[in-house]
Amino acid sequence: MPAIAASPALSRLRILDLSRVRAGPSCVKQLADFGADVIKIESPPGVDPNENMGGPRDGPDMQNLHRNKRAMTLNLKLPEAREVLTRLVKTADVVVENYRPDVKYRLGIDYDSLEKINPRIILASISGFGQDGPYRDRPGFDQIAQGMSGIMSVTGAPGQGPMRVGAAVADVAAGLFAALGIMTALLEREHSGRGQWVQSSLLNAGIALLDFQAARYVMKGEVPGQVGNDHPTSMPTSAYKTADGYINVAASGDGMWARICQLFGREELARDPRFKTNELRAKNRKELNAIMNECLAKRSSAQWIEALNRIGVPTGPIYKMDEVFADPQVQHLGAAAEVEHPRLGKFKILNQAVKLSRTPATLKTATPEMGQHTDEILLELGYHENEIGELRKKGVV
């Protein structure tokens with residue numbers, strides 16, 4: 001078992017985490033939560049001018065993304081660090097990095113270099129735009145990827161200009177795709193005995209998230225636009241006003257539409273030529289939404305949520321964040337879980353979203369302090385205490 005036994009599921013694996021900010025840490029978090037021995041490698045204080053890009057170490061972002069890890073410092077810019085890195089790579093299964101593509105070659109953590117040290121190593125590289133191509137050297141950022149992938153062109157109300165999604169969806173998706181790629185490479189390695197290079201990018205992740213919206217264009221040449229809270233093709237699916245607020249209704253198909261009309265006491269709407277098919281309802285969405293709002297305004301949100309779900313029409317509230325975590329189903333799912341930090345005390349962060357029946361993930365430890373486990377890890381690698389002292393004097397760790 002690793003030093004931090006969050007789960008036995010991946011306890012045989014060691015991951016070297018050279019990533020920062022969000023995409024890389026989102027990837028590694030999946031592996032750490034399921035018990036992999038994750039070693040977070042950071043430059044010693046003052047070496048990396050971008051060391052605070054992920055926000056304050058004691059802040060919610062860092063504490064959420066870097067739980068269940070051990071931490072050590074290593075100045076990869078110094079030649080003496082290469083020997084330490086070599087020993088680490090020999091013991092590792094996976095290296096994760098999200099530097100700009102050229103940086104890894106300067107630091108000696110490109111795949112060809114790592115493979116010579118350990119032929120079974122898997123390198124996962126997450127970038128803004130890919131490891132090659134005309135935009136290879138551009139710095140990547142979630143909002144840039146949201147714009148270039150087309151996400152912002154289909155988000156927001158018509159005529160009000162592009163709108164970003166209110167979460168770092170390209171970052172997180174790039175990390176999750178990388179984690180999926182790592183697990184695929186690990187499975188393949190069981191047969192071949194060899195590692196490989198896994199690559200994901202914010203741009204490609206954003207395009208993949210568009211799913212049917214992007215498929216509409218690549219297959220049929222349709223350029224989707226902004227439709228606000230409406231579903232692009234399946235109506236009535238939107239946010240509607242009730243007597244005391246707003247709810248989401250997602251009615252897909254003629255059967256659901258007919259049941260809504262019956263519930264409203266407006267059976268004639270199911271036969272209305274403007275609304276007889278899904279295509280017509282989408283085409284005439286303005287008139288359809290006006291009727292939906294008129295009917296739904298007669299009762300409260302809670303009453304409609306109950307009534308519409310009872311007839312098989314997916315319906316739900318539209319929450320603010322405090323309401324999300326007060327919801328009984330969210331609490332039942334354990335979407336937030338408690339960790340204890342030696343300085344900050346007990347607090348809650350987001351729990352792992354994937355459930356396993358026999359080997360579940362746990363939040364075993366809070367985010368470590370910078371370099372907290374440096375000596376511990378170096379001792380595991382065979383360094384003696386006097387050697388560790390020399391490495392500290394030279395600024396290697």
Considering all heavy atoms of both residues, which atom of [X] and which atom of [Y] are nearest to each other, and what is their separation?
X      : Y      : value
Arg67  : Ile349 : NH1-CD1, 3.4 Å
Pro224 : Gln213 : CB-OE1, 3.5 Å
Val313 : Ala250 : CG1-O, 4.3 Å
Asn98  : Pro25  : ND2-CD, 4.3 Å
Ala170 : Ala205 : O-CB, 3.9 Å
Val396 : Ala81  : CG1-CA, 3.8 Å

Using only atom types and a distance under 3.5 Å, with no angle test, would you say the side chain of [X] pairs donor to acceptor with the backbone of [Y]?
X      : Y      : value
Arg281 : Met235 : yes
Ser43  : Asn75  : no
Asn248 : Pro317 : no
Asn68  : Lys364 : yes
Arg216 : Glu222 : no
Lys355 : Leu333 : yes
Thr367 : Gln63  : yes
Trp304 : Leu296 : yes
Glu97  : Tyr99  : yes
Asn284 : Leu280 : yes

Got a salt bridge between [X] and [Y], using NZ or NE/NH1/NH2 to carboxylate O under 4.0 Å?
X      : Y      : result
Asp17  : Lys69  : yes
Glu42  : Arg57  : yes
Glu279 : Lys283 : no
Asp112 : Lys116 : no
Lys348 : Glu338 : no
Arg343 : Glu369 : yes
Asp244 : Arg299 : no
Asp137 : Arg100 : no
Glu380 : Arg14  : yes
Asp110 : Lys104 : no
Arg70  : Glu376 : yes
Glu323 : Lys320 : yes
Glu390 : Arg392 : no

Before giving the answer on side-chain hydrogen bond (donor to acceptor under 3.5 Å, both in side chains), spell out for Arg259 and Gln262 the whole-Å C-alpha distance, their side-chain angles and the decisive distance to 0.1 Å. CA-CA 5 Å; Arg259 294 198 294 276; Gln262 187 174 21; over 6 Å; no
Measuring only between side-chain heavy atoms, which start at C-beta, is [X] closer than 4.5 Å to [Y]?
X      : Y      : value
Ser19  : Val28  : yes
Asp102 : Arg106 : yes
Leu88  : Met72  : yes
Phe264 : Cys295 : yes
Asn204 : Phe177 : no
His373 : Pro368 : yes

From [atom1] ([X]) to [atom2] ([Y]), nearest 0.5 Å:
X      : Y      : atom1 : atom2 : answer
Lys394 : Glu80  : NZ    : CD    : 5.0 Å
Tyr246 : Tyr240 : OH    : OH    : 13.0 Å
Met62  : His66  : CE    : NE2   : 4.5 Å
Ile41  : Leu85  : CD1   : CG    : 6.5 Å
Ser11  : Leu13  : OG    : CG    : 8.0 Å
Ile109 : Leu123 : CD1   : CG    : 7.5 Å

Check for me, please, whether [X] and [Y] land in the same ILVMFWY cluster - side-chain distances under 4.5 Å, paths through other members count.
X      : Y      : value
Phe275 : Val249 : yes
Leu65  : Val21  : no
Ile126 : Leu18  : no
Val95  : Ile117 : yes
Val354 : Val172 : no

Given Glu385, which partner from the list Leu378, Asp375, Leu379 fulfils the side-chain contact (heavy atoms from CB on, under 4.5 Å) test?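 Per the side-chain contact (heavy atoms from CB on, under 4.5 Å) rule, the option paired with Glu385 is Leu379, out of Leu378, Asp375, Leu379.
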Among Ile121, Asp93, Ile39, Leu114, which residue meets the side-chain contact (heavy atoms from CB on, under 4.5 Å) test with Leu16?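 That would be Ile39; it is the only one of Ile121, Asp93, Ile39, Leu114 passing the side-chain contact (heavy atoms from CB on, under 4.5 Å) with Leu16.
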Could you check whether the rings of Phe212 and His231 sit parallel, tilted or perpendicular, using 30° and 60° as the cut-offs?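 Parallel: the ring planes of Phe212 and His231 meet at under 30°.
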Could you please spell out the steps behind the side-chain hydrogen bond (donor to acceptor under 3.5 Å, both in side chains) verdict for Asn289 and Asp230? CA-CA 9 Å; Asn289 283 343; Asp230 293 357; 3.1 Å; yes
For Trp197 and Ser125: C-alpha separation, side-chain torsions, deciding distance, then whether side-chain hydrogen bond (donor to acceptor under 3.5 Å, both in side chains) applies. CA-CA 8 Å; Trp197 189 10; Ser125 296; 2.9 Å; yes
Is the number of heavy atoms from other residues, nucleotides or ligands under 6.0 Å of Tyr105 OH greater than 12?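 Yes.
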For atom OH of Tyr135, decide whether the heavy atoms of other residues, nucleotides or ligands shown that lie under 6.0 angstrom number more than 12.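 No.
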Quick one, Gln146 with Asp142, criterion side-chain hydrogen bond (donor to acceptor under 3.5 Å, both in side chains). Give me CA distance, side-chain angles, the key distance, then yes/no. CA-CA 6 Å; Gln146 286 199 33; Asp142 178 83; 2.8 Å; yes
Taking atom types as modelled and ignoring hydrogens, do the side chains of Ser300 and Gln303 form a donor-acceptor contact shorter than 3.5 angstrom?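 The answer is yes; a qualifying pair exists.
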Between the side chains of Gln196 and Glu115, does any donor sit under 3.5 Å from an acceptor?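 Side chains of Gln196 and Glu115: no pair found under 3.5 Å.
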Would Arg22 and Phe141 count as a cation-pi pair here, with the cationic atom under 6.0 angstrom from the ring centre and within 45° of the axis?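 Negative - Arg22 is either too far from the ring of Phe141 or too far off its axis.
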